[in-house]
2 protein chains.
Amino acid sequence: MAQPTPDPSSIDFAALNLLRVVHELGSFTAAAEKLNVNQSAVSYTIAKLRACFHDPLFVREGGRQVSTDRCEEILARSLQILGMLDEMLQPDAFDPGSATQNVTIACNYYERVLLIPALVNEIRRAAPGMTVKVINALGDGHLRLLNREADVLIGPFARSESGFHSRRLYAEEYACLMDAAHPLADTALDIEGYLGLNHVLIDYGGGWQSAYLRELEAAGHRIDPVVVAPSPAGLATLIVESDLVATVPRRLGEWNADRLKVADCPFPGRFDVSLVWAAHTNASAMHRWVRELVWRVARR
Amino acid sequence: MAQPTPDPSSIDFAALNLLRVVHELGSFTAAAEKLNVNQSAVSYTIAKLRACFHDPLFVREGGRQVSTDRCEEILARSLQILGMLDEMLQPDAFDPGSATQNVTIACNYYERVLLIPALVNEIRRAAPGMTVKVINALGDGHLRLLNREADVLIGPFARSESGFHSRRLYAEEYACLMDAAHPLADTALDIEGYLGLNHVLIDYGGGWQSAYLRELEAAGHRIDPVVVAPSPAGLATLIVESDLVATVPRRLGEWNADRLKVADCPFPGRFDVSLVWAAHTNASAMHRWVRELVWRVARR
DNA sequence: GGCACTCATCGAATTTTTCGATGGCAGGTA
DNA sequence: TACCTGCCATCGAAAAATTCGATGAGTGCC
């Protein structure tokens, strides 16, 4: 044993526990038995503690190992430390019923309309104490995950760089949304026919380009929109009883399908709607629970 | 590394410190440099912690090691633990001369009269910067210790449940206090004679019953007090030049013995006056100093 | 696509811890 | 007093844990 001070940080919790047991039993030998180790191992550890604390800790007095004042002092703190270790070891339990955390979900219009209502409903039903916050993902939802502004991101975001995990929720494609009385409402649209429509273009800005447009342009075409809107909000009111046609994700169209017709688009621009999360939330019980819920809501 | 849980108690303080450094620097390699060890040693220790806590603790996100929520929790406690290690290494010094703490003593009338004056005197002499507060112990002095309302408790409290320590100060018994001119002042009291006296009964209330009364009633007797008082305060004035007799602890009687006579009581109700303290103050140097002082004052 | 950097992992070297055995010391007993 | 017994310190050997140096895989940045 290095004499002066053999690096106190090499003391482990087992040593503190050993101190406790020796104190309790007043005997190295008895402590060794209780801890299922050799007596000399106890001597060894006590010797190390003695060197670290520069104190005999226990002295023999009338057949018993009696603790010194310094030992009592060290022991008192050791007990606290052992208690904290126990707390630290408590697995990350999550009980929805009693949870009061907040969940922040980043997404865009599409998901806010189609998924969020049912999701919020489910969360509040299972975890009445929790709060839900929805923020716009825009184009940089991944950044919001990294900055811990959001717990999960839902949207058409392909699995991206490392540091993230993702789960594909379902496949989606674009379709054409028009008034049920539109002249072409009952015919299958060919490319010519589609390009010649009076288009409503949803341009979210921020450089985001919808998948059907990428497909269309990749094929060497372009469309000249009659109306450009920054989001699909109010789209139905715009289209109904008009000759306008919007190209939107099919499920979003069907959600409006009361008096509107949803028709196949020659440029379906298929994409996946995914659930994305930052690696640092991957193991968290609460996050796992939320992700499972998102999955279930999205699948029905 | 044993997969499931490689004995958490083998975690040492160095490992917690390593966790801290990795968190601070966001890099295993940098932490290794700072700690003057090989990078693989850092990986090894982190791997062990990961296994112990069943959590990745750090995940790579955009070129940086980012901590998980669980890691933050563990880290918070680790910092406390490391702080406590420092305290343990730094012996708990208490210098009465420069101390400015407060000592709160819980006790009742008896001790306030017989012990507190000398004790306060001693404390103030040795530790002029300290303050002393005396509070009533009533019947629940132990609670005051647990609630940290008092540092020590002095009184006829037998050693009680775990969580407390106690030290017997001295034995005490009850005796009869009467005017020096009382007819029976110079005769030894037998049971008949005692029971027939004009008693002053001290009834502290709260269900507390003096030991001599328990003894007397256990023997099948009872007394009919002429006067009942809630505390021995002013008792001397009451008794002097009257035919009243009070049964009080002997030392309390002798403290009044100027013009009063203290006579043996046939029901002495012996008890111990003890010093009691909570386990959480057992190791504190300041508390040890106070307790030693109480012991010395009580013994003289 | 190449380069630089980071962490995981492997075998070997090193250090720490444990074991089993022995010796000294103190207390209790004949 | 002398012996006996139980307890802890210590020693060399064995086992286990940790560290090292090297290598490989994955990622970010040019």
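Chain letters run A, B, ... following the sequence lines, proteins first and then strands; every chain starts at 1.
- Nearest-nucleotide positions on DNA chain D for B:Thr45 and A:Ser43 put A:Ser43 closer to the 5' end.
- Straight-line distance from the CG atom of A:Leu146 to the C1' atom of D:dG28: 14 Å, rounded to whole Å.
- Phosphate proximity of D:dT18 to B:Lys48: present, with a side-chain N or O under 4.0 Å from OP1 or OP2.
- Geometric assessment of B:Arg64 against the ring of B:Phe58 yields a negative cation-pi assignment under the 6.0 Å and 45° thresholds.
- Classification of A:Glu172 and A:Arg250 as a salt-bridged pair fails, no side-chain N sitting under 4.0 Å from a carboxylate O.
- Residue A:Asp7 contributes atom CG, which lies 15 Å from atom P of C:dT15 at whole-angstrom precision.
- Look at CZ on B:Arg64: it is 15 Å from C1' on C:dC7, rounded to the nearest Å.
- Under 3.5 Å, the side chains of A:His23 and A:Glu72 contain a donor-acceptor pair of N or O atoms.
- Contact check of residues 24-41 of chain B against DNA chain C (heavy atom, cut-off under 4.0 Å) returns B:Ser27, B:Phe28, B:Thr29, B:Gln39, B:Ser40.
- For B:Leu18 and C:dC7, the CG to C1' distance is 14 Å, given to the nearest whole Å.
- Atoms OH (A:Tyr44) and P (C:dT16) sit 7 Å apart, rounded to a whole Å.
- A:Gln101 places a side-chain heavy atom less than 4.5 Å from the side chain of A:Phe94.
- At the heavy-atom level, A:Arg50 lies under 4.0 Å from the strands shown only through sugar-phosphate atoms.
- Between the CD1 atom of A:Ile11 and the P atom of D:dA17 there is a distance of 20 Å, given to the nearest Å.
- In this structure, A:Phe58 atom CZ and C:dA26 atom P are separated by 20 Å, rounded to whole Å.
- B:Trp295 does not carry B:Arg291 over the face of its six-membered ring by the limits of under 6.0 Å from the centre and within 45° of the normal.
- Here A:His221 and A:Phe267 bring their ring centres to under 6.0 angstrom of each other.
- Per the geometry, CG belonging to B:Asp12 stands 13 Å off C1' belonging to D:dT19, to the nearest Å.
- Taking the six-membered ring wherever Trp is involved, the centroid distance between the rings of A:Tyr174 and A:Phe271 falls below 6.0 Å.
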